[in-house]
Structures are given as structure tokens and as C-alpha cells.
Amino acid sequence: MADRTAPNCHLRLEWVYGYRGHQCRNNLYYTAAKEIVYFVAGVGVVYNTREHKQKFYLGHNDDIISLALHPERVLVATGQVGKEPYICVWDSYTVQTVSILKDVHTHGIACLAFDLEGQCLVSVGLDSKNTICVWDWRRGKVLAAAPGHTDRIFDISWDLYQPSKLVSCGVKHIKFWSLCGNALTPKRGVFGKTGDLQTILCLACARDEVTYSGALNGDIYVWKGINLVRTVQGAHGSGIFSMNACEEGFATGGRDGCVRLWDLNFKPITVIDLRETDQGYKGLSVRSVCWRGDHILVGTQDSEIFEVVVHDRTKPFLIMQGHCEGELWALAVHPTKPLAMTGSDDRSVRIWSLIDHALIARCNMEEPIRCAAVSTDGIHLALGMKDGSFTVLRVRDMTEVVHIKDRKEAIHELKYSPDGAHLAVGSNDNSVDIYGVVQRYKKVGECTGSSSFITHMDWSADSKHLHTNDGSGKRLFYRMPSGKEVSNREELKMVQWSTWTCVLGPEVNGIWPKYSEINDINSVDANFNSQVLVTADDYGLVKLLRYPCVRKGAKFKKYLGHSAHITNARWSHDYQWVITIGGADHSVFQWKFIPERKSKEALHIAPQETLADSNSEESDSDQSDVPEMDSEIEQETQHTYRRQVYKEDLPQLKEQCKEKHRTMATKKREKPPASGVRLHFIHGYRGYDCRSNLFYTQTGEIVYHVAAVGVVYNRQQNTQRFYLGHDDDILCLAIHPLKDYVATGQVGRDSSIHIWDTETLKPMSVLKGYHQYGVCALDFSADGKRLASVGLDDNHTIVLWDWRKGERLSAIRGSKDKIFVIKMNPYMPDKLITAGVKHMKFWHKAGGGLIGRKGNMGKTETMMCAVYGWTEEMVFSGTCTGDICIWRDMFLIKTVKAHDGPVFSMHALEKGFVTGGKDGVVALWDDTFERCLKTYAIKRAVLAPGSKGLLLEDNPSIRAISLGHGHILVGTKNGEILEVDKSGPITLLVQGHMEGEVWGMATHPHLPLCATVSDDKTLRIWDLSPSHCMLAVRKLKKGGRCCCFSPDGKGLAVGLNDGSFIIVNADTLEDLVSFHHRKDVISEIRFSPGAGKYLAVASGDSFVDIYNVMSSKRVGVCKGSLNYITHLDWDKRGKLLQVNTGAKEQLFFEAPRGKRQTIPAAEVEKIDWSTWTCVLGTHCEGIWPVVSEVTEVTAACLSSSRKVLATGDDLGYVKLFRYPVKGKYAKFKRYVAHSTHVTNVRWTHDDALLVTVGGGDTSLMIWTHEPEGHREARQCDSEESDIESEDDGG
């Protein structure tokens, strides 16, 4: 089977032919090292003319269109086009990024300029307002921004003599700006009578508020302040595109092909007419000039760069050439020499020397050229034209051999046969013509099988067959030279192909993504010797894959540089280089091929950095499909935490609903109850999908999170305090280095991060506006000033914050794959790492962005945790296979086997490390991971007597570890928090249900106990008195959704998800009886009051069965409801059942037979109900909110005093109403602590406590009931609706 990994060889960009002269100006400068800096396509080029070498800056992902040089002439700023364009400031010496400026402009960045000190950079966008933006570029911060003008701006410059003044010019305007504070204010230049109002193309500032500008008609306009004072008429014959100021004066360049030099007072010094020089031609147009000392650089519209020495100005040197504007499609390589031939829509054919990196011949044709081929002996060059003709030239002197026109549509591909006898010409007329070379190109055959235009062709090695691809995605084969189609494919079994440039066929299946139906790959060329394939596509990516690559979605290495579509790619004759050509950027790139054996030696060369965003398609991994993923991690990776409705949507939804309910609002609404509740204790810890979220605070308390609550637990007193600022699931928690503040991140449409004080429980800072769907990882810097966060959006955006100011410092797309952990370098605050599914990345801050490099690790592993070691370059990470990887910088030095199964958590100590894994073992290591010093297994046998509960199983998966106060703190996947003493004993401090929804809950009829049953297949009894512990647990065969104590408290009935139910002894939890009569979930179960003679069992298949408890027989069935049963209650006599269903029906049945009764509303109110947990009926119509279409009230419970009705709903709110709740939209008190839906609420027998369970958040919360008059500080988030009475109906 073919290898699906990426090849080990790679490409290095060696030379770019061309210069971007079209649609750009002022983009060519001398650096301090006397090198020349300019750009072409998406690449910044630094060209050393003396050594004839090029260096490349590859930080952009689309066409660069603007460039500015820093006053010290080492740093360069470049701006690009694109949906989210950004500016890169980079070093022309090392070609590495210094800063990224992003998130302000759209469409593109048209101009850039540094101020005199080089501290500020101004940029102009291509958006409709041509926004002008001033940056503190080192920090990546915007200092000021303003709309520039309604029309295009062509140039902008700082006034070098007056700080904080700028001038911009463009279509029919010039504007003088002053920057004051963060405001940019413009004044329009007044043309007056001195000159015509016209388009200004370029400008330069001089002293005394004088500005010189070049106009479209060739005049120089001179401004003083904002007024036009004089013009220099006819400075150029037509538009002046470029103006450059230097010590000696000014240089201007125009469309007339002239460069003029002026002194400091704009008196003419000299004229250089490039059209008149040896290299000149008619129509030469200057787009950029740069004057330094006695050298002048000139860039032209047609992609040439000239260098002129002032005292010998009649002989300019042509130092760079490229194709002119127009699509570039034709590419051929010489069969025996290092030459490449290209032909373009600019109608020129050019021959390039791959050794000398120079243009050695060019010839202009009559028609645009679309394809090229060189004959096998290297004598003839055939060119296919856009008009359907083709021309053959002699390579030696570019003279014409023949010109033939047999077709009307463009010739897209032509190829000589390996034996040199024939030329195949494929056209957009859907046919291939065969010509005999020696018969002076007489037509000898025709292939007409295609129904679409011909895109690619290859000859067989024996020249007897031709293989074609066409636009409709068909592959066809023909016999040569007759052109007869091969219908019997057997004949092709033995055929060897002389080249492979087709994009279709089994050998190249792997170049296509798995599920794409698009034809965006334009060119392919196989290197049979090294068994690699190069492809070129519409996204500007050059990729290397193994050849043959048979299975779709093969892995590859990718290279960026061309910005838009690449039209062709070919290997040189000796496979030393790959040549690629760009369609719209009409540039020719030459890549050096570094074969496998060499690429090992090249490892020490720093990898060329590219922006994370350029990973438009991942791969680049050196390894094929990743090994089996651990089930736990698999589950976690699938979690998206998306909600149908977020709490943030409520105000909007209310607005929409309000319209309907206008009339209701006028009626008097029920007042809220006088008494309230206060959160007292929570049983639960979020371990099943979070890691490293458990810490000791400064004072030795323990901080962690569950549901939407940050919990601070005091282990001496067994009490909890709560941070209630969040309103949805908290997914991550990080502690400040001083251990007094904590940062928590939550789920949300625009999710927020709260930094809060563990003593006062007050928020210090709330950060939002950047993360969609949720925040999944956080980390503080070592000095505690910065915070790094990772979002749950598809790109897993990374943001770096100055959290006290609430200011975002940098942001970048992190990775397509889920990120599990982010860690900031304790020694260098600008560096950080992220680790997650199949990746480990090393980042450093660059202005407003971050630059990331993948860790070099051979095979890609999923990382679950990471920490920095004892020096700034050492990093240790734990993998999903149980290894610890040890990194220096970004190179993997070695791996150590630490656990069986994933390493979920690790923690660095002063001397050494501690790790915890899925195997339930805590391991202590020395500081190099050479020796494991000690291991602790989490087992029931070593549980200390002071434990607040029971371990569910031995060796639970460990998800969080932290150290302090002589103990190791451990959080498990099963929701337990344990404290391990260094000497061995383990104390269980807190526990809750495991992953799975919790629905079933019942309070004991006369003791402070409650029972819960969950989808995690456990039934648990909890002590609600101050000891707050789990008293008993039993594992069930199935999950359960409801439970109920018998009236004497000795029995406990539990309804299970498979339609069965059991009654167990409430002390020992051993079975007394069990029944299985239904197929669907048992949704509610209730003993009749008094002696508890009957048991009503409601199921999802819409029946209520009534059993006689003593005789254990079913005595009645209640039929007639349309939908599943949601709630049921008995009356005091045990003779009547009230039932609610999913279809919002309120039904009544007589017990024990189950006969349906119809009772008028007035009568219902008179009935004395034993309990009230229903949510329908006139008694409680006020509990339904205005937005009841999107949210359900899932549970209710009436206190024994019959005064307060507590409800729980789908949005996670617990509310208290005054009973009876008549009339719609009653007022209430509202409490947020559960994250999604509250599935059950129950008062204890004496109304002292309210107990609630939250479905998906697995937590059991205990609230103390505070009677009226008891006005303690209100919990920060219980919104009493009477505060918002006019608007809040619900």
C-alpha cells in the first residue's frame, strides 16, 4: 500500500524573477546594507546586487501591495490585500517578523509610512472610507483612526519637520492631518486660482510647512500650509507616479519614462530619460524612484528595476526583469540545459537561466501566449496562442520556423513526443491535433474523444500513446500518431509514461482533498527519480507529495509565496529545481529541491517562519493518520459546547415576545416572595472534560469550578464560598502566581473571562468581545500582568491580554484542531506554547499578532498538558499515549514513558515535577524526568477516615494536580477532589456525579438527606447536614431519571432509563423488588402519601402504572395522555393523581384503578395536594416566562408552608415565586449557579433547604432558605424581577 505520509524532502525558495510595478507605487528602496528591498506576489524580496543573492520574507498570505522603509533603513513594513489584511513589520537583514498589525483594515492596505523617529506607522486601507490608521507598531496598537476620503488615496507621508502632522493625497484631493491625542483631524488643501483641482499621485514634505506633490497632468504642485502657492509646469509629460526625498533633494518619476532630480528648493538638477537609453523602449513608465547618494533605483510598470549611477546617467543597469501585466500561463523547461521558457499574455516569450538567475533572451509575438514546449533535442520552442494558432521558434536565435492556425479557440497545452517526431497540440475546441515535426509540422492526426477543453497531456515513453485530461474531468487515451481512441484499457496496462503532468488518474488521487469536487489544482509534475510530485493550485500553494499517491487526502508539505493562482509547475531537466509561475502575479519562482538525505543536514537551519494563518489547509505533518485516539480524549474533542439559546440572547428574545404580550403587561402581576435562598454548598467538580482546574489559594483554601460557579472550599471547616459572576458553564480556571486571584472562562455566544479575588469573591476584571462559543484554556504570565486565553471557535483563537486594563495585546488563529492547554514562558513573557490535538506550537508575540511554529516531533502526537522547565527553552509535555516529551526550543530531545494511557495533568515544582494520568497514578519525578521518585495510587484502601465521601472506583482517571501546603491536590474524571498526604493517606474532600445528566432527586421525608440518580449509572445518598458528604453509592446497570423515598423513609424507589424500576432499602441500597413493564424511560415515580400503599410510575411512553407496594402487583394503568409524562403528584388522601405531559396537558386520574377524571379548574384549587411539583394549571401559570417558546420550566416544588414555589428551567435559572402564582408573568427572585438546565428542585421536609440538580453540569446544589426580614447581603446575581419590573415578565 502506498505511503500516506508527507515526503521527507523539501523545497527552498531560491529566486523570484519579477517586480510588482503595476498598480503599486513607491515600493523600491535601498536598505542600510545597500541591498534593494521590494516585493512581488506575496513575497518581500531583499536583493543583494553585489553578490546577486536574494532573501525572502514569507509572512504574508496574499498579494503585497504597499511597502515603507523605517528611517533607520533596516526594518520594512509591508501591507497586503485580502478579507482580513494585515501589515507585517520585518527585519530586512534576518527576514524575520518583528510585529504584526491586524484587525483594523478590510480589503487591503494601500499605503504605509513611518514617522521621522520610526515609532509610529500610518496605514491607509482600501475599504470604502479609505480608513487612515496610526499605529504604535511595536505594540501592535492603534493610536488613532479616521475615515481618509470618499475616493482612493494614493500616497501618505508624515511631515518630517512637524511632529504629529501628516499629508495624504489621492483622487482630486490633498488633505493635511494633525494627530492630537487619539484624534486625527483633516483639513482639505485649497487649490484656489493657482492650479486646477486634480488628482495628486505622490507627495513629499519639506521644511517650513512646504509640501511638494506630483499631479496627474505632470505638474508639481507646491503647498504652503494648506494652500497651493505655486506650480512647476510640465515637470513631466504626464502623471508623476513617484516622489522620493533624500539629503540632496528630490527625485520624481513619471509615466513619460523620465526621472528628474531636483534640489532642496525644487530647482531642476537633471533629467534621465530612460526611453532614450539602450535598454529603453516606447511606453516605459516609471512607478517608483529611490535616490541615495549617487545611485538611483527605478522601478517600471513592466516589472523591471533599473539602477542608474548619476554621473553616468546615459547607461542605466537593468538589474531585474519580469513579465509585464497580464496572465502568465506558459512554462517549459529545456530538456538538457538549466533553462526555463515562459510566455505570457504580455505577448512576450522569455528564456531564463536557472544558474545565473537572469533573463537571457526575449522575443515579442503577435498574440498572447498560453502554453509552451521544447522539442526533445532542445532546438525548437513551440508556443500555443490564445487565438488558436501556434508558432514554432528556433531556441538559438528566436527566429520563426512555422506559424499554423487550425483552431479558433486558445491552445491550452502542447507537448513534443519523446522520440521528437510529433507535436501534440490541445485546444479549447475539445480536440488534440498531431503534427509531424520533420514534415515541417504537417497535420497527421486528430484526437476528438473529449467533450470539453483539453487541460493536460502526457506521452508514453515509446511515443505510441497519448493521455489527456479535459475540463469535464475525463481521462482519455489515444493511439499515436493516428489519434484513434483506445477503448480497451488492457492495452494500457504495460504503458510507461514519459512524464506525468495530468491531474487525474489513480497515481495522483492523493493530490485531491478527501471530499472535494472541485478542480482547483492547475498543474502537476512528477519527479520519477525521487518519487515526489509537485502540485500548483488556485490558492497559491505549492505542495510536495509522494508519487504515486493513490488514496485521496494524502499528506503534503506546502509552500507559500505566490499569492493567488499558480498556473504551472515544472521540474528542471536534472530535477535540481522546481519552477512555478503565478497567473495574476505574473512572477516566476525558482525553488531548490532538497532531497531526503540533505534535508537531515538542513535541520539546524531555522525554519522559514510563516504565519499561522497560512495554514489554510493543514497537513505539513510528516505522518499519516494518527494512531487510535484515547476514548476519553476522543469524547472531549467532540464537545463543541454550542447552545441553541444562550443567556445573552434573553434580552433580545424578550423584546421580540413583548410585542405579543403588550396587553398583559398592564395587568397587576403577582409580587415576588418575601423569603429568598442563598447558595450554601455544591456537590460536584468539573473533571470529566476539563484539566488542571484545581488549586490551593494563598490562604490554603481550595479553588475549583463546577457548573457556572467558582468555588472556594475551606477544608478545615468543610464550607464553601462562591464566585457567581458567570452565567454558563465554566470550562477553565487559572490561578495568579500570587495565588490570590483566579481567572475563569465560560461558554457563551460572546464568552467572557472573569478575573476575581478568592478572598472577597469580587471581580477584578471581565474580558470579552473576542472569543466565540467559549474559552477552553487560560494561563497567567509569571509576573501576573498578562493573561493568555484560547477560544472554542473553529480557529481556536489565541488572545494575549493586559487583564487589568482589559486591553487585548495580541491575537492570532491558533489551530484548526482543538487546543487543550496554553502556557506562558515564565522567563520570557513574549513567548508561549499551545498544545492539543495532533500538535504542539511555540509562539512569540509580534506586535498585535503572534508567530507560531510547530514543534518538530517526527510523528504527530496529541498533547494533553505542558509545563515550562527550569530554563526558558525547556518545555515538558504529556501525550495521549502516556509519554512525557522533553523539548528544547522547538525540537523534541527525548521522550520518557510516564503513565499507561494519557497524561492529563502535570505540575512543575522547585525541584522536579508531578504528573497524573488516566491510569489513576500520581507520580513524582526529579527535575530531568530521569527518575520517578515516588508514585501514589488512588485506591479505596488508602482512603483516610476523615473523608467526605466514598471513592467510586480504584485508580480513577486523574485530570488535575496541584501542590501546596505539604499536600498533593488531585481532581478526577469522576468528579472527586482528593488530598494526598506526601506520606500516603488520601482524604476525599468533595465529590459529585460523573459525566452524564442528573435528573432524579428526592429529599427524605424526615431527615436532612437526599437521594440522586443520574445517567452516570449511580444512585447516591447525600447528607445535607453540615457534614456535607456522600453517605452511600450504588452502581446501577442502567442510568436513572427519577427517585422517591417512601413516606416512612425506609424504601427508595428508582426509575431507570430502560423502562424498569427498583425499590431499594434506603440505608443499604440493596434491592427489595424490581419490575420491568415498559420500554421507555421511567420519567417520574411517586409513593402515595400516608402509609405509602401505592406507587405511581410514569414512563416516556405516556402511561402511568400504579402498583400496590405490599402485594408488589400492578393494579392500574392511567391511559389517555398524548405525550410522555413529565410530572406527577398525589392528593393528600392518596386517591387522585395529577399528571403533566410533554404536550403541556394537565390530566387527572383516580387511584388505584387509573380511571381518567375531568375536573374543572375551580375544583382543582380546592383539592388538597400532598405535594406540588407540577408546572401547569392556574395555580402556577405565572411561572412561565415571556420567552416560553424557547425555554421550558422543567421542575417545580412547593414548600411545606405552601408559601413559596421554587422552579428550575432550561436556561439554568432557579426562581422563587409567591404561591399560588396566578395571572401571567409573575415577579420572582432569580438565582444563577447552574449552567444549562435545572432538572429538579426539591425543598427539604422542614423547608430549611432547597436542593437543586443541574442536568448537564452534574452538580447537586444546596441552598439555605432565608425567611423574610433576614436581609443578608444579596447574592450578586439573584436578579429580583421587581427591580426590572417594567420589562421583566419572566
Side-chain angles (χ1 to χ4, degrees), residues 639-655 676-679 682 684 686 689-690 693 704-712 721-733 742-756 761-776 778 789 791-792 806 1185-1187 1190-1194 1206-1216 1228-1239 1241 1252-1259 1261 1263 1274-1281 1283-1284 1287-1288 1290:
H639 264 300
T640 60
Y641 303 100
R642 306 274 160 100
R643 308 251 190 270
Q644 298 286 214
V645 181
Y646 289 89
K647 292 196 178 80
E648 297 136 90
D649 304 340
L650 269 184
Q652 245 177 322
L653 291 166
K654 277 186 187 156
E655 278 311 306
V677 294
R678 198 171 93 248
L679 189 55
I682 304 182
R686 181 138 189 170
D689 62 345
C690 299
N693 55 355
Y704 59 95
H705 64 87
V706 62
V709 184
V711 184
V712 181
R721 297 179 303 126
F722 309 104
Y723 175 73
L724 295 164
H726 288 283
D727 63 5
D728 207 329
D729 274 324
I730 299 177
L731 295 182
C732 53
L733 182 149
V742 163
T744 43
Q746 70 164 62
V747 170
R749 198 178 289 288
D750 165 12
S751 42
S752 55
I753 299 164
H754 292 228
I755 294 95
W756 46 280
L761 303 172
K762 294 270 189 312
M764 316 291 296
S765 178
V766 176
L767 312 174
K768 53 195 304 192
Y770 287 103
H771 288 304
Q772 275 180 313
Y773 305 124
V775 179
C776 60
L778 290 167
S789 60
L792 277 175
V1186 180
V1187 290
V1190 291
T1191 165
E1192 293 274 330
V1193 177
T1194 41
T1207 70
D1209 63 35
D1210 270 356
L1211 275 172
Y1213 292 126
V1214 172
K1215 295 180 183 175
L1216 299 186
F1228 49 78
K1229 292 188 178 168
R1230 174 172 94 175
Y1231 305 88
V1232 185
H1234 286 292
S1235 49
T1236 45
H1237 44 304
V1238 179
T1239 48
V1241 296
T1252 60
V1253 288
D1257 66 27
T1258 70
S1259 59
M1261 300 198 185
W1263 310 73
R1274 280 233 330 280
Q1275 277 185 301
C1276 53
D1277 64 326
S1278 69
E1279 291 185 36
E1280 303 195 9
S1281 62
I1283 300 172
E1284 26 166 23
D1287 71 315
D1288 193 301

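This one's a predicted model, so the numbers in the text were calculated from it and none came from an experiment. Numbers here simply count residues along the sequence, with the first being 1. As a basis for the values below, the full set of heavy atoms in this structure was taken, side chains included, without hydrogen atoms, waters or symmetry mates.
- Applying the salt bridge (charged side-chain N to carboxylate O under 4.0 Å, His left out) criterion to Asp728, with sequence neighbours excluded, gives Arg643.
- Between Leu679 and Leu724, the shortest heavy-atom distance links the atoms CD2-CD2, 4.0 Å.
- Leu733 CG to His705 NE2: the interatomic distance, rounded to the nearest 0.5 Å, is 5.5 Å.
- Across all their heavy atoms, Ala743 and Ile753 have their closest contact at CB-CG2, 4.5 Å.
- A distance-only check finds a donor-acceptor pair linking the side chain of Asp750 to the backbone of Gly769 [under 3.5 Å].
- Residues Gly1208 and Val1241 approach most closely at N-CG1, 4.1 Å, considering heavy atoms.
- Shown here are the side chain to side chain contact (heavy atoms under 4.5 Å, CB included) partners of Leu792, two or more places apart in sequence or in another chain: Tyr641, Leu731, Tyr773, Cys776, Lys818.
- Here the closest non-hydrogen pair linking Lys1215 and Pro1185 is NZ-CB, 4.3 Å.
- Minimum interatomic distance between Trp1263 and Ala1233 (heavy atoms only, all atoms of both residues): CH2-CB, 3.8 Å.
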Checklist entry - Stepwise, does the side chain to side chain contact (heavy atoms under 4.5 Å, CB included) test hold for Phe1228 with Leu1216? => result CA-CA 6 Å; Phe1228 49 78; Leu1216 299 186; over 6 Å; no
Item to check | Tyr704/Val711 under side chain to side chain contact (heavy atoms under 4.5 Å, CB included): CA gap, chis, key distance, verdict | outcome: CA-CA 5 Å; Tyr704 59 95; Val711 184; 3.5 Å; yes
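- When the ring-ring contact (aromatic ring centres under 6.0 Å, His included) test is applied to His754, the partners found at least two apart in sequence or on another chain are Tyr723, His726.
- For the pair Ser765 (side chain) and Ile755 (backbone), a donor-acceptor distance under 3.5 Å is absent.
- Shown here are the salt bridge (charged side-chain N to carboxylate O under 4.0 Å, His left out) partners of Arg721, two or more places apart in sequence or in another chain: Glu701, Glu759.
- Proximity of a side-chain donor or acceptor of Gln746 to a complementary backbone N or O of Asp727 within less than 3.5 Å is detected.
- Screening Ile682, Val1214, Asp1209 for a side chain to side chain contact (heavy atoms under 4.5 Å, CB included) involving His1234 leaves a single residue, Val1214.
- Between the OH atom of Tyr1231 and the CE atom of Met1261 there is a distance of 14.5 Å, given to the nearest 0.5 Å.
- Remark: Asp689 pairs with Arg686 by the salt bridge (charged side-chain N to carboxylate O under 4.0 Å, His left out) rule, at least two apart or across chains.
- The structure places CG of Leu778 at 11.0 Å from CG of Asn693, a figure rounded to the nearest 0.5 Å.
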Next on the checklist: One pair to check against side chain to side chain contact (heavy atoms under 4.5 Å, CB included): Thr1194 and Asp1210. What are the steps and the verdict?
Outcome noted: CA-CA 7 Å; Thr1194 41; Asp1210 270 356; 3.2 Å; yes
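- Annotation: side chain of Val742 is in contact with side chain of Trp756 (closest heavy-atom distance under 4.5 Å).
- When all heavy atoms of Val775 and Ser752 are compared, the closest pair comes out as CG2-O, 4.4 Å.
- Applying the side chain to side chain donor-acceptor pair (under 3.5 Å) criterion to Thr1207, with sequence neighbours excluded, gives no partner residue.
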